Amino acid sequence: MPYTLTPSYDDNPRLQDLVVRLRGYLADELIPFEREHGITPESRLDRATLERVWKRSTELGFYGISLPPELGGQGLTFTELCALKEELTASGAALSHSVLGDLGGPLRVGAIVKYATEYQLERYLLPVIRGERACCFSLTEQDAGSDVRRMSTTATPDGDGYLLNGHKVFSSAAPFADFAIVVARMAGTDEAYSAFLVDLDTPGCRVLDGEVPMSGQQMEGDLLLEDCRVPAANLLGEVGEGLRIGIGRVTLNRLLHCPSLIGAARRAWDLSVAHSKSRIAFGRPLLGLQAIQHKIAEMATDVYAARSMVTATAARADSGANIAVEANMCKLFTSEACFRVADQAVQIHGKDGLTRGHEVEQIFRTLRMFRIVTGTTEIHKNAIVKALV
């Protein structure tokens with residue numbers, strides 16, 4: 001079969017069936033629902049709308065599908081999960097982030113289940129997996145992004161609990177979450193950090209409107225903690241394990257963000273091909289111009305290279321290998337390559353590509369953002385050199 005940017009997954013019948021069903025759900029239900037209700041990537045989302053997606057995705061078996069069967073999932077491999085995540089953003093669906101549970105759902109808690117007590121599983125994590133509750137992850141601060149050890153949020157022992165004080169920023173899903181996983185420095189220490197499960201209606205905890213990122217997506221919030229008392233039962237893992245829990249999750253996320261970027265680039269490629277076929281310039285379609293043909297070829301090559309790299313790394317993760325270096329390489333290459341695709345898409349679309357609200361323009365802004373989000377290009381390079389040299 002000739003190569004195509006739209007994979008068929010003939011070599012994996014289970015994945016092929018999942019992809020076909022996912023494409024059907026997106027095209028026949030979710031995207032028409034978004035159009036009917038005027039939902040775009042920049043819409044301010046409400047809990048009721050998201051719960052509808054969670055419920056339907058659960059009915060179809062997609063919500064939390066990557067989790068092990070004992071937690072209600074299908075135990076997808078990382079390779080299979082990457083394929084589904086690419087399909088979601090390649091569809092152009094604005095609510096694609098809520099189908100598998102990326103935004104405040106099972107994919108947020110799956111990596112931390114091993115640290116949870118039975119009480120924490122029952123009260124916090126399992127309800128998220130069932131689509132009944134939502135969570136956010138709060139690690140970043142205004143002056144503690146790449147240099148996370150500069151965080152100033154503290155946890156002070158107080159009787160049979162802890163008092164949390166600080167200001168967390170860029171907590172995805174905070175505006176509609178029920179609780180947060182907060183990483184804080186243990187008061188009086190230099191290098192001891194712990195993670196806590198914090199109910200967002202706890203006295204002393206306030207969710208503030210966060211900054212709107214350049215993608216225009218309104219899904220971030222800040223957490224202001226002022227003598228917010230958290231019971232000892234809500235300590236996640238052991239005292240001092242906070243960074244291991246937080247950064248370990250971030251390392252895996254660096255790989256798992258990549259297929260979403262690839263899907264967005266694939267969508268930009270599809271839109272560019274369609275535009276170049278229909279737009280007439282100098283008496284013929286744009287696609288008849290060699291300059292446009294070369295751009296289309298370069299875009300396809302970048303998508304292929306990024307997908308190949310991510311798939312190979314996901315396969316290594318499936319084998320149990322340590323992929324810390326490769327995850328940084330994937331995020332570095334994929335974010336840069338997919339942004340090149342978006343940049344070419346804007347060039348091909350001309351004025352349309354520069355117009356606020358056009359899909360290509362929105363993809364451009366989103367992919368530019370991911371050269372910084374979950375690790376800057378420079379941080380990835382630092383990590384790669386540190387590990388290899």
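On a predicted model such as this, the values are computed, not experimentally measured, just so you know. Along the sequence shown, the residues carry numbers beginning at 1.
- With a 4.5 Å cut-off on side-chain heavy atoms, Pro69 and Gln74 do not count as touching.
- Although no hydrogens or angles enter the test, the distance criterion places no donor-acceptor pair under 3.5 Å between the side chain of Arg254 and the main chain of Asn328.
- In this structure, the side chain of Ser276 engages the main chain of Val273 through a donor-acceptor pair within 3.5 Å.
- Counting heavy atoms from C-beta on, the side chains of Arg267 and Thr89 never come closer than 4.5 Å.
- Minimum heavy-atom separation, Leu255 to Ala314: CD2-CA, 4.2 Å.
- Between Asp343 and Lys295 there is no salt bridge, since no side-chain nitrogen of the basic residue lies less than 4.0 Å from a carboxylate oxygen of the acidic one.
- Hydrophobic clustering keeps Leu354 apart from Ile348 (ILVMFWY residues linked when any side-chain heavy atoms are closer than 4.5 Å, directly or through intermediates).
- Annotation: side chain of His97 is in contact with side chain of Leu95 (closest heavy-atom distance under 4.5 Å).
- Without hydrogens or angle criteria, Arg108 side chain to Phe137 main chain gives no donor-acceptor distance under 3.5 Å.
- Heavy atoms of other residues, nucleotides or ligands lying less than 6.0 angstrom from CZ of Arg150 number 12 at most.
- Pairing each heavy atom of Pro41 with each of Ala94, the nearest pair is N-CB, 3.6 Å.
- Asp201 has no carboxylate O lying under 4.0 Å from a charged side-chain N of Arg206, or vice versa, which leaves the two without a salt bridge.
- Looking only at side-chain heavy atoms (C-beta outward), Ser194 and Leu235 come within less than 4.5 Å of each other.
- Judged by distance alone, the side chains of Glu87 and Ser91 never bring a donor and an acceptor atom under 3.5 Å apart.
- No side-chain N or O of Asn165 forms a donor-acceptor pair with one of Thr154 less than 3.5 Å apart.
- In plain terms, the two heavy atoms of Ala265 and Val341 that are nearest each other are O-CG1, 3.5 Å.
- Asp222 is not listed as a side-chain neighbour of Asp209, based on a closest heavy-atom distance of 4.5 Å or more.
- A donor-acceptor contact closer than 3.5 angstrom is absent between the side chains of Thr355 and Glu361.
- Between Thr49 and Asp46, the side chains place a donor N or O and an acceptor N or O closer than 3.5 Å (distance only, hydrogens not considered).
- Glu80 places a side-chain N or O within donor-acceptor distance of the main-chain N or O of Thr77, the cut-off being under 3.5 Å.
- For Asn322, the CG atom sits in a loose shell: 12 or fewer heavy atoms of surrounding residues, nucleotides or ligands are nearer than 6.0 Å.
- Under the 4.5 Å side-chain criterion, counting only non-hydrogen atoms from C-beta, Glu118 is not in contact with Arg123.
- At most 12 heavy atoms of other shown residues, nucleotides or ligands fall within 6.0 angstrom of atom CZ in Arg44.
- With contacts defined as side-chain heavy-atom distances shorter than 4.5 Å, the pair Arg47/Trp54 qualifies.
- In terms of modelled atom types and a separation under 3.5 Å, the side chain of Glu241 and the main chain of Glu238 share a donor-acceptor contact.
- Thr40 and Ser43 make their closest contact through N-OG, 2.8 Å (heavy atoms, listed as atom of the first residue, atom of the second, distance).
- Under the 4.0 Å criterion applied to side-chain N and carboxylate O atoms, Arg340 and Glu298 are not assigned as salt-bridge partners.
- Counting heavy atoms of neighbouring residues, nucleotides and ligands inside a 6.0 Å radius, atom CD of Gln293 exceeds 12 of them.
- Side-chain atoms of Lys168 never come within 3.5 Å of backbone atoms of Leu224 as a donor-acceptor pair (strictly under, hydrogens ignored).
- Smallest separation of non-hydrogen atoms from Ser172 and Cys136: O-CB, 3.2 Å.
- The shortest side-chain heavy-atom distance between Leu139 and Phe170 does not fall under the 4.5 Å cut-off.
- Counting heavy atoms of neighbouring residues, nucleotides and ligands inside a 6.0 Å radius, atom CD of Gln218 exceeds 12 of them.
- Looking only at distances, a side-chain donor or acceptor of Gln120 sits under 3.5 Å from a matching main-chain atom of Ala233.
- For the pair Glu132 and Lys55, the salt-bridge criterion is not met [side-chain N within less than 4.0 Å of a carboxylate O].
- In the hydrophobic clustering of ILVMFWY residues, with side-chain heavy atoms under 4.5 Å counting as a link, Phe333 and Leu252 come out apart.
- When hydrophobic clusters are built by joining Ile, Leu, Val, Met, Phe, Trp and Tyr residues whose side-chain heavy atoms come closer than 4.5 Å, directly or via intermediates, Val207 is not grouped with Val183.
- In the model, His275 has no side-chain atom that pairs as donor or acceptor with a side-chain atom of Asp352 under 3.5 Å.
- With 3.5 Å as the limit, one finds a donor-acceptor pair spanning the side chains of Gln217 and Ser215.
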Quiz item: Does the pair Thr79 and Asp318 meet the rule for a side-chain hydrogen bond (donor to acceptor under 3.5 Å, both in side chains), with working shown?
Solution: CA-CA 7 Å; Thr79 302; Asp318 288 330; 2.7 Å; yes

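- Under the 4.0 Å criterion applied to side-chain N and carboxylate O atoms, Asp160 and Arg229 are assigned as salt-bridge partners.
- No more than 12 heavy atoms of other residues, nucleotides or ligands lie within 6.0 Å of CZ in Phe78, so this atom counts as exposed by the packing criterion.
- When hydrophobic clusters are built by joining Ile, Leu, Val, Met, Phe, Trp and Tyr residues whose side-chain heavy atoms come closer than 4.5 Å, directly or via intermediates, Leu200 is not grouped with Leu197.
- Tracing side-chain contacts under 4.5 Å through hydrophobic residues (I, L, V, M, F, W, Y), one reaches Ile181 starting from Leu243; they form part of the same cluster.
- Between Glu51 and Arg133 no salt bridge is recorded (no basic side-chain N to carboxylate O distance below 4.0 Å).
- Ion pair Arg371/Glu336 flagged as a salt bridge, since at least one NZ, NE, NH1 or NH2 atom sits closer than 4.0 Å to an Asp/Glu carboxylate oxygen.
- Checked by atom type and distance alone, the side chain of Thr202 never pairs as donor or acceptor with a backbone atom of Cys205 at under 3.5 Å.
- Side chain of Glu86 to main chain of Ser260: no donor-acceptor pair is present (N/O by atom type, distance under 3.5 Å, no hydrogens or angles).
- In summary, the side chains of Ser138 and Ser171 do present a donor paired with an acceptor at a separation below 3.5 Å, with no hydrogens or angles considered.
- Nearest approach of Gly375 to Lys331, heavy atoms of both residues: O-NZ, 3.1 Å.
- When only modelled atom types and interatomic distance are considered, Thr156 and Asp158 share no side-chain donor-acceptor pair under 3.5 Å.
- A distance-only check finds a donor-acceptor pair linking the side chain of His358 to the backbone of Val360 [under 3.5 Å].
- In Gln290, the CD atom is not crowded: 12 or fewer heavy atoms of neighbouring residues, nucleotides or ligands sit closer than 6.0 Å.
- The ring of Phe339 has its center no closer than 6.0 angstrom to the ring center of Phe370.
- The distance from the CD1 atom of Ile363 to the CG atom of Leu271 is 5.5 Å, given to the nearest 0.5 Å.
- Using a 4.0 Å cut-off between charged side-chain N and carboxylate O, Glu378 and Lys381 make no salt bridge.
- In this structure, the separation between CZ on Phe33 and CZ on Arg56 is 12.5 Å, given to the nearest 0.5 Å.
- To the nearest 0.5 Å, atom NE2 of residue His257 and atom CG of residue Leu261 are 8.0 Å apart.
- At a cut-off of 3.5 Å, with distance as the only test, a side-chain donor of Thr153 or Glu141 sits close to an acceptor on the other residue.
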Practice problem: Report the C-alpha separation of Tyr124 and Asn234 in whole Å, then their side-chain angles, then the decisive distance to 0.1 Å, and conclude whether the side-chain hydrogen bond (donor to acceptor under 3.5 Å, both in side chains) test is met. | Solution: CA-CA 10 Å; Tyr124 292 97; Asn234 285 28; 2.8 Å; yes

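- For CZ of Arg279, the number of neighbouring non-hydrogen atoms (other residues, nucleotides, ligands) closer than 6.0 Å is 12 at most.
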